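I have a structure I would like to understand better, so I am pasting it below and will then ask my questions one at a time.
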Amino acid sequence: MTSLHDLPYPALERALVADGLRPAHARALWQAVHREGATQLTERPDFSPPLARWAAEHTGAGGRYFLDAPTVAADTASSDGLTRKFLLRLADGQTIETVLMGYTGRSTACVSTQAGCAMGCVFCATGQMGFVRHLRAGEIVAQVLHVQRTLRARGAARLRNLVLMGMGEPLHNADAVLTALEILTDDRGAALAPGRVTISTVGVVPGILRLAEEKRAFNLAVSLHSADAAERAALVPASRRWPLAELIAACRAYGAKTGRRIFFEWTLIAGTNDSPAHAEQVAALLSGIYAHVNLIPLNPTDGFSGAATAGAAAREFQRVLRERGLPSTVRQRRGIDVAAGCGQLRAEKARAVATTLSPSQ
Ligand code: SAH
Ligand code: SF4
């Protein structure tokens, strides 16, 4: 069985033509799936009889195709009403997080690319749970379509921004991620603008070089957290595989090849990577790179004892960067009251289940 959500437009068209349908049928099917977000394809008055027959025969029980239709295992809204966080359950029971920020014209979806993550960043709830599996392209696409339906139900404008900052490491699952983005930026469907899509990576060097080589028009965010190789390795075990010096060389190559700005993410952890000296160090490391730094005070998680940097220290860090000519933004993780850090909602649910199973604790 193949998910229709896994297929980019040309592949869908080939599949339908191979079954005796016409290219126009592919267009109608694509619009139903990717523009409307339909999760089942029977009883659609807009489908011509041959397409309706095909859908009934091939997308129902026992058919060759299916649609990715994750169910909502949890749906929480932040107290300010601006953030919705979904825990979506996939066909095999795995749960992943998808977040919608803002209902105005400036809405952003944050989606997952893997169940769990293999990179093991010590402060990250997803890293703490370990790797479960890659998501297919269709499972990434389906998260965006779920967000689109949520917006539509509120009468809100179409989704504007997409960030791959949910659970998982996008460039550890690059083929599925790039296929999903090809599908989501197709004008005939979800029609996201490539320039409003951000891929966030822990620093998978081959993936960064691939984005540069293929001149992909997406934004790139690199989760740096430290400008010192040993200190970074303590926070981000993946940097033993792709050392800091190689990562920065890849960023320089990316910048030279694409001319694009790179966003550097920096989780501010009190007493660990938030001193003015750390700020001097990052400014030196990134000198000559067209860069913007996003400073994110740590969201505490169960498996890590660190604390968030206080506002005054964050502003001081930012002042040092500014003096060195490096622009930055301090980002408050929105909707912190709904466990906004990546992987935290799933971890919370797992805890609740554990407590239910062992009431004596
Ligand atoms: N794997 C990718 C994308 C998902 S994580 C990456 O690491 O870039 C998205 C961002 O959230 C990363 O910058 C990550 O460092 C940050 N993050 C993870 N856990 C966090 C926490 N507990 N507090 C603050 N930021 C966190
Ligand atoms: Fe994986 Fe990103 Fe979490 Fe690191 S921060 S463990 S790369 S999801």
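In listed order, ligands and their atoms are each counted from 1. Values in this document were obtained by computation on a predicted structure and should not be read as measured data.
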Close approach of G168 to ligand 1, heavy atoms, under 4.0 angstrom: yes
Under 4.5 Å side-chain linkage, directly or through intermediates, the cluster mates of M1: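 Hydrophobic cluster check, M1: joined to F66.
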T201 and ligand 1 - part of the residue with a heavy-atom distance under 4.0 Å: backbone
Close approach of L164 to ligand 1, heavy atoms, under 4.0 angstrom: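 In this structure, L164 qualifies as a contact of ligand 1 - some heavy atom is under 4.0 Å.
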Side chain to side chain contact (heavy atoms under 4.5 Å, CB included) involving A118 - partner list, sequence neighbours excluded: F131, H172
Atom indices of ligand 2, in the order listed, that fall short of 4.0 Å to a heavy atom of G127: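 By the 4.0 Å cutoff, the relevant atoms are 6 (S).
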Residue part near ligand 1, for H225, under 4.0 Å between non-hydrogen atoms: side chain
Sub-6.0 Å ring centroid separation between F317 and W266: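 For F317 and W266, the ring centres are under 6.0 Å apart.
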Ligand 2 versus C117: contacting region, heavy-atom distance under 4.0 Å: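 Looking at C117 and ligand 2, just side chain atoms fall under 4.0 Å.
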Side chains of H278 and E231, donor plus acceptor under 3.5 Å: yes
From CA spacing to verdict: side-chain contact (heavy atoms from CB on, under 4.5 Å), V320, E316: CA-CA 6 Å; V320 175; E316 176 59 13; 4.2 Å; yes
N/O separation below 3.5 Å, F123 to ligand 1: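 Yes, there is a polar N/O contact under 3.5 Å.
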Proximity to ligand 1 by part of E169, non-hydrogen separation under 4.0 Å: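 Both backbone and side chain.
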Within-cut-off N or O pair, E265 and ligand 1, under 3.5 Å: no
Any side-chain donor near an acceptor of the partner, Y9 and R27, under 3.5 Å: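 Result is no, nothing qualifies.
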T301 and ligand 1 - part of the residue with a heavy-atom distance under 4.0 Å: side chain
Distance-only polar pair, side chains of S328 and H292, donor-acceptor under 3.5 Å: no
G166 heavy atom under 4.0 Å from ligand 1: yes
Part of L298 with heavy atoms under 4.0 Å of ligand 1, whether side chain, backbone, both or neither: both
Side-chain donor-acceptor pair present, T98, H146, cut-off under 3.5 Å: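 Side-chain D/A pair, T98 to H146: absent.
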